[in-house]
Asks: 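What follows is a structure written as structure tokens; I'll ask about it next.
Note on naming: letters A, B, ... go to the chains in the order of the sequence lines (proteins, then strands), and numbering restarts at 1 for each one. Side chains are part of it too, since the values below use all heavy atoms of this structure and drop only hydrogens, waters and symmetry mates.
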There are 2 protein chains.
Amino acid sequence: MLEAGYAAVSSRRVAARAGVTGALVHYYFGTMDELFVAVFRRIAERSLERQARVLSSVQPLWGLWDSTRDQFNTALLMEFNALASHHQAVQDEIATYSRRFRRMQIDIISSVLESYGIDAAAWPPVTIILLMTGISRFMMIEEAFEIDIGHSETVALVERLIRELEGERRPTAEDYLARFSNSRF
Amino acid sequence: MLEAGYAAVSSRRVAARAGVTGALVHYYFGTMDELFVAVFRRIAERSLERQARVLSSVQPLWGLWDSTRDQFNTALLMEFNALASHHQAVQDEIATYSRRFRRMQIDIISSVLESYGIDAAAWPPVTIILLMTGISRFMMIEEAFEIDIGHSETVALVERLIRELEGERRPTAEDYLARFSNSRF
DNA sequence: GTCTATACCGAGATAGAC
DNA sequence: GTCTATCTCGGTATAGAC
């Protein structure tokens, strides 16, 4: 999907990459729709676990910000979004998981912001979450097109605001471990 | 593209919708790539003209905000984004026009914000533009999936900030004309 | 469980008649 | 300029041998 777009993902090519024949793909996954849903679900489950970890760190805002600034996952999600426009089963799957992600973010970030003394009436936590994830995803999409006008200034502004609340970004134990691993999921 | 995704746009289907045969599509547009580029260019040119108008109104921030909150254009742009991932010519076209849009926004909004007394060092105009368009596009994408958790609060916050600078939103002459037209481009 | 073979479809593109 | 006819390719999916 990342190499050539979702439309280039065919049972033949999947089979070839896996070193088997096309018939086996259908034998195990049924239709291509079901295969796409299976792939999305696996990625989404692992991302949910990852988000739970970064949100429960000592710097939840840094965790949220860094985890959304991941070109790999953003590009993949964009492919699934495009795919979903004419695959209802995929669309439902994305919607379900998106709500789970959002609810988890709200649960944790709300209490975090309250502990930082942010006025929830003037700056609702859910709005801060949407602003952070929205601008992050937007810039990731643009960067895939080599457009980065104003990005450095915007990153600087967001990180300045986070820094005022949580201090300098500190690497987590997971960051150290990541240096010894190539795993993306 | 909106009905069934870009992958469903074939020379045969385009021809059928136009009431001609597939051969004619190739006769006039060459390859499908060239057809997609031609379509994008036509839409982009008209959107550029539209943006120039709303940015030169008496309420440029309202104009920018409202013009980005257009589900029709957002959905179409998402299709082109997805298409671009494996069509280099389309990707170049999108990048070129995106930069033109951005530069126009910066040119006009910068002086507008200065006249409003916004400190450009603390809040760079380009960052305010990115925040507004980014969060807007993000919500449009989510709404296509029927996800709207926190959207109303976020819209309320953005519009409160715009209102502090430009007062209540006032309909333009174009808005009145739009009531008598179904034209989308 | 895995393969080969195949049915069937629709895609992009072009040749050539009119 | 527009058509019909056709080539070639690759897609999904299944049947049936092993």
Asks: Would you say a side-chain N or O of B/H26 is under 4.0 Å from OP1 or OP2 of C/dG12?
Replies: no

Asks: Within the pair A/R12 and D/dG10, is there a side-chain N or O less than 4.0 Å away from OP1 or OP2?
Replies: no

Asks: Of all the choices, C/dA13, C/dG1, D/dT12, which nucleotide is nearest to the side chain of A/Y28 once you look at every atom?
Replies: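 Out of C/dA13, C/dG1, D/dT12, the nucleotide with an atom closest to A/Y28's side chain is C/dG1.
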
Asks: Rounding to an integer number of Å, can you tell me how far A/E34 CD sits from D/dT12 P?
Replies: 14 Å

Asks: Report the distance from atom CD of B/Q71 to atom CD of B/E143, rounding to the nearest 0.5 Å.
Replies: 6.5 Å

Asks: A/A23 has a side chain; which of C/dT14, C/dC3, D/dA13 sits nearest to it?
Replies: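 Taking heavy atoms from C-beta onward, the closest nucleotide is C/dC3.
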
Asks: Under 4.0 Å between a side-chain N or O of B/S11 and OP1 or OP2 of C/dG12?
Replies: yes

Asks: What is the separation between atom CG on B/L24 and atom C1' on C/dG12, rounded to the nearest whole Å?
Replies: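 Nearest whole value for this atom pair: 15 Å.
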
Asks: Please determine if A/E164 and A/R160 form a salt bridge, counting it only when a charged side-chain N lies under 4.0 Å from a carboxylate O.
Replies: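 Yes, charged N to carboxylate O under 4.0 Å.
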
Asks: Is it true that A/R41 and A/E34 have a side-chain N and a carboxylate O under 4.0 angstrom from each other?
Replies: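 Looking at A/E34 together with A/R41, the answer is no, because their closest N to O distance does not fall below 4.0 Å.
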
Asks: Given atom CZ of B/R13 and atom P of C/dG12, what is their separation to the nearest angstrom?
Replies: 11 Å

Asks: Of the nucleotides C/dA13, C/dT2, D/dT12, which has the atom closest to the B/M32 side chain?
Replies: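 Of all the options, the side chain of B/M32 is nearest to C/dA13.
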
Asks: Counting only side-chain heavy atoms from C-beta out, which of C/dA13, D/dT2, C/dT2 sits nearest to A/Y27?
Replies: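 Shortest atom-to-atom distance from the side chain points to C/dT2.
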
Asks: Among the nucleotides C/dA13, D/dT2, C/dA11, which one has an atom lying closest to any side-chain atom of B/T31?
Replies: C/dA13

Asks: Taking the nucleotide of DNA chain D with the nearest heavy atom to each, does A/D33 or B/G19 sit closer to the 5' end?
Replies: B/G19

Asks: Hey, is A/E142 close enough to B/R137 for a salt bridge, meaning N to O under 4.0 Å?
Replies: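 Here A/E142 does not pair with B/R137 in a salt bridge, since their nearest N and O are not under 4.0 Å apart.
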
Asks: Aromatic contact between B/Y6 and A/Y6, with the criterion being ring centroids under 6.0 Å apart: yes or no?
Replies: yes

Asks: Given atom CZ of A/F29 and atom P of D/dT14, what is their separation to the nearest angstrom?
Replies: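 Those two atoms, CZ and P, are 16 Å apart.
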
Asks: Output the single nucleotide from C/dG12, D/dT14, D/dC3 whose closest atom is nearest the side chain of B/T21.
Replies: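 Between C/dG12, D/dT14, D/dC3, the one nearest the side chain of B/T21 would be D/dC3.
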
